[in-house]
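Order of the sequence lines fixes the chain letters, A, B, ..., with proteins taken first and strands second; residue numbering starts at 1 for each chain.
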Amino acid sequence: MNSNKEILKEKEYTILNLGPTHPATHGIFQNVMKMDGELIVEAEPTIGYIHRAFEKLAERRPYNQITPITDRLNYCSSPINNMGWHMTVEKLAGIEIPKRVQYLRVIIMELARIADHIICNSVIGVDSGAMTGFLYVFQWREFIYEIYEELCGARLTTNIGRIGGLERDFTPLAWEKIHKLLKEFPEGLKEFENLLVRNRIFMDRTINCGPITAERALQYGFTGPNLRAAGVDYDVRVMNPYSGYEDFTFDIPLGTNGDTYDRFMVREQEMWQSLSIIRQAVEKLEKMEDKTTFHADVPNFFLPEKEDVYNTMEGLIYHFKIVMGETEMPKGEVYHAVEGGNGELGFYLVSDGGRTPYRLHFRRPCFIYYQAYPEMVKGAFLSDAILTMSSMNVIAGELDA
Amino acid sequence: MSSLTQEYITEKLQSKFEGAIQSIEMLHDFLTITVEKSSLKSIMKFLHDDESLNFHFLTTLCGLHFPDQAAQFGMMYQLHNMPANFRIRIKSFTNDSEPVFDTMSDIWPAANWQERETHDFYGFRFHGHPDMRRILNMDSLVGWPMRKEFPLEDPFRGDKDDKMFGR
Amino acid sequence: MSENNQKLEGFEGPGFLATSLDKAVGMARKNSIWPLPFATSCCGIEFMATMASTYDFGRFGAERLSFSPRQADLLMVMGTISKKMGPVLRQVYEQMAEPKWVIAVGACASTGGIFDTYSVLQGIDRIIPVDVYVPGCPPRPEQIIDGVLKIQELVQNESLRRRNSPEYQELLASYGIE
Ligand code: SF4
């Protein structure tokens with residue numbers, strides 16, 4: 001009775017190659033997915049499609065020329081990267097930064113955080129089918145670009161600040177724009193939130209989409225908003241305050257189950273906190289007697305005024321030394337971390353006293369937490385996987401170094 | 001939880017791994033411990049597992065290359081105990097020209113890709129790693145780019161005249 | 001703008017215009033380009049800004065982004081192309097149907113930019129032919145738009161037979177593209 005035998009058939013899976021240029025993903029991410037119908041059984045990410053050899057490049061560049069490289073790490077929030085790098089060098093060289101400069105830097109960094117979260121959150125909206133929010137809120141990102149332009153002349157890859165301070169003081173127009181942002185941005189952000197936060201469709205789409213537990217997140221080295229969405233209150237600004245963050249009062253927003261909705265909400269709340277930090281910083285600066293300092297007094301690192309370069313011997317020598325990279329650096333190794341748009345952005349710098357770093361390693365939060373992606377999308381629908389990826393805010397520049 | 005101190009950690013390590021600790025120093029604000037390569041893994045495991053040390057978070061890791069030293073290749077790990085907010089850096093060097101380190105990816109899954117990256121950059125191998133392939137570069141790349149002798153620029157470029165660039 | 005918006009030349013009368021097919025097709029094509037944004041890194045974010053409300057790329061007839069190469073006319077390469085990415089880019093180019101145009105946005109796509117390293121392709125024109133280069137790191141949205149307007153000019157003035165010409169075949173052959 002052969003015909004009565006049970007027919008054993010292997011389950012058939014489909015292999016779907018998502019990326020590197022797939023209509024649904026932003027940027028260059030490739031995932032080879034094993035699909036059971038519309039469910040993901042396994043995902044295997046390939047990265048490195050825009051590997052640009054930052055760490056190698058940094059070994060051949062004088063310290064001040066590394067700032068433009070850091071711009072291109074997480075290009076959605078380049079000012080934070082720039083500041084992080086300056087602070088690393090300042091730590092190595094033992095430079096004390098005046099309080100006023102620290103607060104100015106805080107303003108810049110928080111502006112960058114807002115700009116970063118604007119992109120991420122509005123793109124979550126786009127991926128769940130809500131284009132309008134993106135169009136509304138991007139105007140505010142444009143406005144922040146305008147402030148950047150006023151501070152440094154560039155929009156995206158800012159190269160803002162110098163080792164030892166800022167390149168120039170805030171102009172009156174910059175202050176005006178910052179005040180305008182403080183006054184009008186809350187309304188714009190509120191409008192954006194009204195569109196999404198309690199939107200039934202958006203909530204159905206994002207709640208329980210790509211969750212991760214706090215424990216797993218820690219094991220995978222999550223930091224930043226993604227870790228906080230899972231419920232761990234780790235924020236470098238509070239744990240290891242830098243640049244005067246200890247003087248500010250702000251909350252660390254937390255999520256509970258680390259899904260897309262929580263990540264969205266954490267970023268949303270962080271924008272409000274950033275606004276409040278900027279407001280506090282502006283107040284503090286207004287109360288401060290010192291109204292002009294914008295760099296520390298370190299002629300060895302900070303370029304002298306052009307006036308002095310042309311007219312004084314000393315100025316010329318310092319200028320020459322800095323430009324030619326002849327400044328003596330102390331030997332040693334330092335690690336400095338800042339809270340970047342995506343989490344703990346660390347710089348591990350080994351100096352042998354030469355004009356370039358001996359070794360510079362970037363701790364790139366994206367690279368570390370993107371490893372968890374296959375685990376997070378296992379058993380999910382394909383469309384959820386795409387939403388999960390955009391809510392993790394994986395930035396190709398930071399991912400691939 | 002009581003806060004950790006440098007003395008407590010060093011004492012604890014020294015009593016447990018006598019002889020394996022090569023140096024203990026404070027570099028800026030960072031406690032840095034250099035250890036023997038053979039006991040690297042067990043020290044890391046101890047740091048992770050011990051209740052009172054509890055270094056549960058792997059911040060970062062990277063390879064190092066010092067061609068002038070006898071022990072030219074090394075690894076650097078940074079661990080973080082978040083509740084006590086204490087960070088520690090572990091280094092280990094070897095004079096092997098094709099070094100093999102033990103993987104940490106079974107203790108911290110976060111080490112998985114970082115070790116692949118280190119493999120990609122330096123050519124180290126990690127014993128016990130689930131998937132030891134290049135990660136960032138193409139598989140067809142010859143050589144290990146972060147080693148000091150590797151040229152930064154593409155050596156196959158024909159359009160650069162060295163006379164003009166003064167190199 | 002004026003030269004770009006030039007009126008069709010031809011024999012005009014009340015309610016009709018007689019012109020050559022070339023020109024009519026050129027005008028139609030010019031104002032309905034479907035771009036394929038091949039955004040890999042930082043320049044892609046500036047492209048986002050170009051698309052968003054302030055600069056509104058859609059004003060130039062290129063509202064509909066085609067994410068599939070098969071239906072696209074214009075390949076916009078924005079960002080660093082590494083050697084690992086090179087073959088992918090080439091494949092995308094090959095999949096596009098003729099006529100097709102390519103614009104290299106940003107220093108990286110044009111020349112490799114600041115990344116003169118072992119892993120970065122030193123300009124996409126090493127693997128595919130490029131029509132317009134846009135300088136800048138990243139270019140401002142105005143620059144990107146200007147580049148696209150330049151492409152529109154090319155599109156408008158291109159003869160219908162150019163793609164069959166021996167020069168064009170030779171160009172493709174020099175890149176090893178069938
Ligand atoms: S040209 Fe500049 S901004 Fe554009 S991708 Fe290259 S590095 Fe980034």
Calculate, to the nearest 0.5 Å, the distance between atoms [atom1] and [atom2] belonging to [X] and [Y] respectively.
X       : Y        : atom1 : atom2 : value
C/Tyr55 : A/Glu142 : OH    : CD    : 5.0 Å
A/Leu57 : C/Asp116 : CG    : CG    : 8.5 Å
A/Ile28 : C/Ile81  : CD1   : CD1   : 7.0 Å

Pick one of side chain, backbone, both or neither for [X], based on which atoms fall under 4.5 Å of a heavy atom in chain C.
X        : result
A/Glu149 : side chain
A/Arg141 : side chain
A/Phe134 : side chain
A/Ile119 : side chain
A/Arg52  : both
A/Thr132 : neither
A/Ala53  : both

Worksheet entry | Backbone N/O of C/Tyr118 and side chain of A/Lys56: donor-acceptor pair under 3.5 Å | no
For [X], I'd like to know if atom [atom1] has over 12 heavy atoms of other residues, nucleotides or ligands within 6.0 Å.
X        : atom1 : answer
A/Glu187 : CD    : no
A/Tyr136 : OH    : no
C/Phe11  : CZ    : no
A/Glu184 : CD    : yes
C/Arg59  : CZ    : yes

In terms of heavy-atom pairs under 4.5 Å with chain A, which of [options] leads?
options                             : result
C/Pro141, C/Ser68, C/Pro69, C/Cys43 : C/Pro141
C/Pro37, C/Ser53, C/Cys42, C/Ala52  : C/Cys42
C/Phe67, C/Phe115, C/Phe38          : C/Phe115

Run C/Ile114 and A/Gln65 through side chain to side chain contact (heavy atoms under 4.5 Å, CB included) and show every step you take. CA-CA 11 Å; C/Ile114 62 170; A/Gln65 289 185 14; over 6 Å; no
Greatest number of non-hydrogen atom pairs under 4.5 angstrom with chain C, of A/Leu135, A/Ile69, A/Leu156, falls to A/Leu156
Requested in this report: Mind ranking A/Ala396, A/Gly48, A/Gly397 by heavy-atom pairs under 4.5 Å with chain C and telling me who comes out on top?
Outcome: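 With the most close heavy-atom pairs to chain C, the winner is A/Gly48.
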For [X] against [Y], the heavy-atom pair lying closest together:
X        : Y        : answer
A/His51  : C/Ser82  : O-CB, 3.9 Å
A/Gln139 : C/Thr54  : CA-OG1, 4.2 Å
C/Ser41  : A/Tyr75  : CA-OH, 3.4 Å
A/Thr157 : C/Cys137 : OG1-O, 3.0 Å

Review point. How about C/Glu46 and A/Tyr145: do any of their side-chain heavy atoms sit closer than 4.5 Å?
Key: yes
Would you indicate whether the side-chain heavy atoms of C/Lys84 and A/Thr46 approach each other to under 4.5 Å?
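The answer is yes; the side chains approach within 4.5 Å.
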Quick check on C/Thr117 against chain A: is it the side chain, the backbone, both or neither that has a heavy atom closer than 4.5 Å?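 It is the side chain, since no backbone atom gets that close.
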